[in-house]
Amino acid sequence: MNTQVRVRFAPSPTGGLHIGGVRTVLFNYLFAKKHKGAFVLRIEDTDQSRFVAGAEEYIFQCLAWCGLNPDESVLQPGEHAPYRQSERKAIYWQYAQQLIAQGHAYYAFDTPEELGKMREQHKSEQNPTPQYNHSLRKHMRNSLTMSEQEVAAALTNNTPFVIRLKVPQNKLLALQDMIRGEVTFDTNLVDDKVLLKADGMPTYHLAVVVDDYLMKISHAFRGEEWLPSAPIHLLLWEYLGWLDAMPQWAHLPLILKPDGHGKLSKRDGDRLGFPVFAMNWEDPKTKELNKGFKEIGFLPEAFINMLALLGWNDGSGQELFSLDELIQQFDICRVHKGGAKFDYEKAKWFNHQYIQKLEPSDLLAAVSPFIPSAFHGETKLMERVLPLIKDRLTLLSDIWEQSHFFFTNPEKIDTEAIQSKWDEAKKAFYVSLINAFEQMITWNEAAIEATFNEVVAHHGIKKGDVMLPFRIMLVGGKFGPGVFAIADLITKENCIKRIQNALQQL
RNA sequence: GCCGCGUUGGUCAAUCGGUUUAAGACGCCACCCUUUCACGGUGGAAUGACGGGUUCGACUCCCGUACGCGGUACCA
């Protein structure tokens with residue numbers, strides 16, 4: 001029995017890190033931390049044909065951004081190194097041999113073409129995808145149907161082969177799932193899965209069992225899509241003689257697309273306009289760029305909080321949790337069975353909440369990557385601007401849209417909105433306003449409004465009629481915080497300049 | 001096709017057989033606040049797939065049906 005809690009996340013480095021993956025990491029991480037255990041990151045790179053340059057480094061970067069760093073990994077090897085499966089090739093071979101010796105696995109020499117032919121031949125309406133199973137294996141080229149000599153000869157001739165699991169007949173297998181309870185499978189319905197591929201690499205099935213055992217994994221969490229292959233793993237744990245050490249399983253529900261059904265894919269993100277990867281991912285081959293939550297303006301804490309609540313809650317109604325609170329409250333048994341549709345609106349709400357909670361200095365730091373570099377020197381001004389526009393930020397990247405007019409004169413002003421009610425009286429008002437502003441010694445919000453009021457009174461004009469044009473002159477349109485606060489921050493000179501500018505255009 | 005897993009409002013969801021006329025949040029709508037737009041506040045519409053059981057009592061347990069999803073690769 002494993003006494004120490006050890007969990008693992010085992011991504012295959014083939015592309016961007018999907019939010020479903022991040023949530024699996026998160027649940028692993030929370031469980032490990034809650035039980036003072038270890039969180040292991042194992043790289044599942046057994047399919048060389050799918051190798052993607054940079055994908056492994058990218059995964060580490062994503063985890064670091066999320067604040068979910070592993071305790072053991074290729075970067076921080078523990079006593080169970082190596083942590084890359086491609087480097088553990090010899091280990092799998094050894095266990096595959098053991099299985100063969102025990103009669104629980106066999107060599108199969110069928111070529112891909114022969115396999116295709118078999119499937120074609122046995123295909124029917126009742127059985128559209130024939131499986132290499134207990135009955136069909138009798139008709140294939142494998143060490144069960146060949147003589148010992150034939151097998152030996154094939155092996156010495158370097159005939160390509162795979163090693164398959166010999167799945168027993170008429171057995172009922174039961175899996176105790178921490179989320180779903182007991183799940184049972186009939187072995188007659190499971191096929192003789194390939195354990196070791198022709199290139200000598202293990203498939204997921206062999207690798208996951210061997211590594212979970214060797215790395216002393218106590219609890220194994222993975223996506224629901226793995227549930228159908230659980231009987232293979234159960235069989236392997238039994239045949240390898242490790243049943244006592246088998247981890248406790250939990251199959252996590254899927255994250256579904258917001259519209260329709262089915263699991264969320266990066267296509268949905270493109271289609272509906274939101275990211276599905278934690279960080280930007282550019283495919284080195286296709287050069288296709290997929291947006292990440294980080295780059296689109298999410299705070300990692302908000303991102304994590306949002307994911308934690310997708311399929312889990314503590315029953316109290318609380319929605320905002322710090323990482324420490326999540327560790328404290330997390331309970332894998334309270335994870336839902338059913339999949340959850342991803343809701344980008346709710347995700348943004350979380351981000352808005354977290355932005356509001358940020359300390360001014362942290363907000364400034366968080367927002368700076370989204371400010372044009374030409375304005376990076378203006379931190380003093382930005383410090384004064386931030387409190388004014390903070391509550392209008394949903395994404396960190398909203399910053400410039402909400403604040404550019406504090407730093408630079410509006411390029412275009414919405415003259416149309418003014419034009420319809422424009423007349424000589426108003427024009428005269430603004431000319432006086434400029435004069436009055438020029439006389440001002442102390443320039444601050446209250447003083448500006450007082451002066452504004454005086455000129456309004458003098459002209460016998462309605463304040464409401466000149467407020468909106470004033471705003472548009474200063475910021476370019478019908479948006480932004482209080483006009484007098486804006487006038488204050490942009491300085492007297494700029495304020496006057498902008499009014500003059502607008503007057504010329506009207 | 002077969003196997004597995006699911007199914008409370010548009011979405012996330014509470015309820016673990018009875019203090020529920022089924023919480024709360026997002027979104028939506030209305031109003032208030034705001035001489036802009038947001039934020040905020042108040043209120044509102046909106047939910048147990050269907051059919052059978054079991055039980056004094058079912059959203060909650062069981063069975064069936066429907067629907068959805070996942071799997072069915074020398075991919076993970």
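Throughout, protein chains are lettered first and strands after them, A, B, ... in sequence-line order, and every chain is numbered starting at 1. In this text the structure is predicted, and so the values were computed from the model without any measurement.
Listed nucleotides B:G1, B:C39, B:C74 differ in distance to A:Thr203; the shortest reach to its side chain belongs to B:C74. When distances run from any side-chain atom of A:Ser12 to the nucleotides B:A76, B:G4, B:G1, the shortest one goes to B:A76. Nearest to the side-chain atoms of A:Asp47 among the listed nucleotides B:C69, B:C26, B:C75 stands B:C75. Considering only the side chain of A:Lys341, B:C12 comes nearest among B:C12, B:U35, B:A73. Distances were taken from every side-chain heavy atom of A:Gln126 (C-beta onward) to each of B:G1, B:A25, B:C74; the shortest belongs to B:G1. Of the candidate nucleotides B:C5, B:A76, B:C74, B:A76 has the atom lying nearest to any side-chain atom of A:Glu44. Among B:C75, B:C2, B:G1, the nucleotide with an atom closest to any side-chain atom of A:Lys197 is B:C75. Between B:G4, B:A76, B:C39, one nucleotide has an atom nearer to the side chain of A:Tyr204 than all others, and that is B:A76. Taking every side-chain heavy atom of A:Leu468 into account, B:U36 is the closest of B:G1, B:C74, B:U36. Proximity note for A:Arg334 (side chain, C-beta onward) versus B:A76, B:G27, B:U15: the nearest is B:U15.
With C1' as the reference atom, B:C3 and B:G44 are 47 Å apart, rounded to whole Å. Taking atom C1' on both B:U21 and B:U47, the two are 15 Å apart, rounded to the nearest angstrom. Rounded to the nearest Å, the gap between the C1' atom of B:C26 and that of B:A45 is 16 Å. Taking atom P on both nucleotides, B:C67 is separated from B:C50 by 15 Å, rounded to a whole Å. To the nearest whole angstrom, the two C1' atoms, one in B:A13 and one in B:G53, are 29 Å apart. B:C74 sits 45 Å from B:C61 when the C1' atoms are compared, rounded to a whole Å. Atom name C1', nucleotides B:U54 and B:G4: the rounded distance is 27 Å, in whole Å. Atom name P, nucleotides B:U11 and B:C33: the rounded distance is 35 Å, in whole Å.
Figure legend. B:A76 is base-paired to no nucleotide; pairs are counted as Watson-Crick or G-U wobble with both atom distances under 3.5 Å. B:C39 is unpaired under the Watson-Crick or G-U wobble criterion, no partner having all donor-acceptor distances under 3.5 Å. With both pairing distances under 3.5 Å, B:G71 is matched to B:C2 as a Watson-Crick or G-U wobble pair. Nucleotide B:A13 is matched to nothing when pairs are restricted to Watson-Crick or G-U wobble geometry with both distances under 3.5 angstrom. Pair check for B:C59 finds none; no Watson-Crick or G-U wobble contact set falls under 3.5 Å.
Within 4.0 Å of A:Arg222, counting heavy atoms only, lies no atom of the nucleic acid at all. Heavy atoms of A:Leu256 sit nowhere under 4.0 angstrom from any nucleic acid atom. Residue A:Asp110 is classed as a base contact, given a heavy-atom separation below 4.0 Å to a base. Backbone-only engagement by A:Ala340 is indicated by non-hydrogen atom pairs under 4.0 Å involving sugar-phosphate atoms exclusively. At the heavy-atom level, A:Thr14 lies nowhere under 4.0 Å from the strands shown. A:Val190 comes within 4.0 angstrom of no nucleic acid atom, judged by non-hydrogen atoms across all strands. Across all strands shown, A:Pro112 has heavy atoms under 4.0 Å from base atoms, whether or not it also approaches the sugar-phosphate. Counting non-hydrogen atoms under 4.0 angstrom, A:Gly311 reaches the backbone sugars and phosphates but no base. Contact annotation for A:Gly480: base contact, defined as any heavy-atom pair under 4.0 Å involving a base atom. Among the protein residues, A:Thr129 comes within range of the nucleic acid bases, having at least one heavy atom under 4.0 Å from a base atom. Counting any heavy atom pair closer than 4.0 Å across all strands shown, A:Val194 reaches sugar-phosphate atoms only and no base atom.
With a 6.0 Å cutoff to the six-membered ring centre and a 45° limit on the axis angle, A:Lys426 does not count as a cation-pi contact of A:Phe429. Seen from the ring of A:Tyr132, A:Arg164 counts as a face-on cation partner, given the 6.0 Å and 45° thresholds.
With the nearest nucleotide of RNA chain B identified for both A:Lys193 and A:Ile179, A:Ile179 has the one nearer the 5' end. For the pair A:Pro11 and A:Gln402, both in contact range of RNA chain B, the more 5′-proximal nearest nucleotide belongs to A:Gln402.
Aromatic pair A:Phe293/A:Phe303: centroids less than 6.0 angstrom apart.
Remark: C1' of B:C3 and CG of A:Leu172 are 13 Å apart, rounded to the nearest angstrom.
The OG atom of A:Ser229 lies 8.5 Å from the CZ atom of A:Phe185; values are rounded to the nearest 0.5 Å. For the atom pair CG (A:Leu433) and CZ (A:Phe470), the distance works out to 5.5 Å, reported to the nearest 0.5 Å.
The ring-ring contact (aromatic ring centres under 6.0 Å, His included) test with A:Phe321 is passed by exactly one of A:Trp312, A:Tyr354, A:Phe330: A:Trp312.
For A:Lys346 against B:A25, a side-chain-to-base donor-acceptor contact under 3.5 Å is present.
Inspection of the A:Asp47 and A:Ser49 side chains reveals an N or O donor paired with an N or O acceptor under 3.5 Å. One side chain, A:Ser265 or A:Asp268, offers a donor N or O that lies under 3.5 Å from an acceptor on the other.
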